[in-house]
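These notes are about the structure you will find just below.
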Amino acid sequence: MATAQESSNTISPPWYAAYPAPRHLQPGCVTREELLSMLKGRENVVGRDFLLVDLRRADYEGGTIRGSVNLPAQSLYPTIPTLYRLFKAAGVRKVIWYCSSSRGRGTRAAGWFQDHIIDCGGGDSMESLILHEGVKGWALGGSQFVEWMDEYDAAPWAS
């Protein structure tokens, strides 16, 4: 029988281990320059054909890209079928996922969502992409990017 000390040293599996690995491990990506152009292009347009999803939860600090919705990655997988139906009904053609760097949660979420798009036969009408370098790359990209952030705080990006 394990002692209390031994039990507290047990390493828990990561949250995503409860779900299957995405089949699409190399999702397409959008650069911050491309996204900025997309954001500027819709300033005077009613509606949108793309959606930004910020996947951060515990590290949700320093601001977020204007117009993003926050769907923490840890609760995402079971909601993918519902999200797909909502996005499809709204005419969303591109879902752009990001976390801090878009190397872990962003890539995983984009892969899971792309898997679902393909499984539903919607591969010709919707794309699942990541924001290259994530919100950190956006925040460090210069003033032209920072001005498109809500609740911007420079402190978390300085380290």
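Counting from 1, the numbers follow the sequence of the chain as shown.
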Should [X] and [Y] count as side-chain neighbours, where that means a heavy-atom distance under 4.5 Å?
X      : Y     : value
Arg57  : Gln74 : yes
Arg105 : Tyr16 : no
Phe50  : Val95 : no

Checklist entry - In terms of ring plane angle, is the pair Trp112 and Tyr19 parallel, tilted or perpendicular, where the classes change at 30° and 60°? => result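 The arrangement is perpendicular - the two ring planes meet at more than 60°.
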
Next on the checklist: Does Tyr98 form a side-chain hydrogen bond (donor to acceptor under 3.5 Å, both in side chains) with Ser68? I'd like the steps, not just the answer.
Outcome noted: CA-CA 10 Å; Tyr98 67 88; Ser68 298; 2.8 Å; yes

Measure the spacing between [atom1] of [X] and [atom2] of [Y] and express it to the nearest 0.5 Å.
X     : Y      : atom1 : atom2 : result
Lys94 : Asp49  : NZ    : CG    : 7.0 Å
Leu51 : Met126 : CG    : CE    : 9.5 Å
Arg66 : Leu52  : CZ    : CG    : 11.5 Å

Test of understanding: clusters of I, L, V, M, F, W, Y form through side-chain heavy atoms closer than 4.5 Å, transitively. Do [X] and [Y] belong to the same one?
X      : Y     : result
Leu25  : Leu55 : no
Ile118 : Ile80 : no
Ile130 : Leu39 : no

Next on the checklist: Taking CD in Gln26 as the centre, count heavy atoms belonging to other residues, nucleotides or ligands within less than 6.0 Å. Is the count above 12?
Outcome noted: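 Count not over threshold, so no.
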
Please name the pair of heavy atoms, one in [X] and one in [Y], separated by the smallest distance, quoted to 0.1 Å.
X      : Y      : value
Lys88  : Ser125 : NZ-OG, 3.6 Å
Glu34  : Cys29  : OE1-O, 4.2 Å
Met149 : Val135 : CE-CG2, 4.0 Å
Phe145 : Glu33  : CE2-N, 4.0 Å
Cys99  : Gly104 : SG-N, 4.5 Å
Gly111 : Pro22  : C-CB, 3.7 Å

Run the side-chain contact (heavy atoms from CB on, under 4.5 Å) test against [X] and tell me which residues pass, sequence neighbours left out.
X      : result
Glu133 : Arg32
Ser75  : Pro72
Pro20  : Tyr77

Item to check | Pairs touching residues 54-76 that satisfy ring-ring contact (aromatic ring centres under 6.0 Å, His included), sequence neighbours left out | outcome: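 Listed by first then second residue: nothing to list.
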
Is there a donor-acceptor contact under 3.5 Å from the side chain of [X] to the main chain of [Y]?
X      : Y      : answer
Thr79  : Thr82  : no
Arg56  : Ser100 : no
Asp115 : Arg23  : yes

Item to check | Residues forming a salt bridge (Lys or Arg N to Asp or Glu O under 4.0 Å) with Arg108, sequence neighbours excluded | outcome: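 Arg108 satisfies salt bridge (Lys or Arg N to Asp or Glu O under 4.0 Å) with no other residue.
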
Checklist entry - What pairs with Ser128 under side chain to side chain donor-acceptor pair (under 3.5 Å), at least two apart in sequence or on another chain? => result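 Per chain and number, Ser128 pairs via side chain to side chain donor-acceptor pair (under 3.5 Å) with Trp97.
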
Next on the checklist: Under the criterion side-chain contact (heavy atoms from CB on, under 4.5 Å), I'd like the reasoning laid out for Trp148 against Leu35: C-alpha separation, chi angles, the key distance, then a yes or no.
Outcome noted: CA-CA 11 Å; Trp148 284 84; Leu35 179 56; over 6 Å; no

Next on the checklist: Assess whether a salt bridge exists between Asp59 and Lys136, defined as any Lys/Arg side-chain N lying under 4.0 Å from an Asp/Glu carboxylate O.
Outcome noted: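 Result for this pair is no, no salt bridge flagged.
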
Item to check | Derivation and outcome, side-chain contact (heavy atoms from CB on, under 4.5 Å), residues Glu151 and Thr64 | outcome: CA-CA 7 Å; Glu151 301 182 28; Thr64 191; over 6 Å; no

Checklist entry - Considering the options Asp54, Thr31, Ile65, Val53, which one meets the side-chain contact (heavy atoms from CB on, under 4.5 Å) requirement together with Leu131? => result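 Among Asp54, Thr31, Ile65, Val53, the one that satisfies the side-chain contact (heavy atoms from CB on, under 4.5 Å) with Leu131 is Ile65.
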
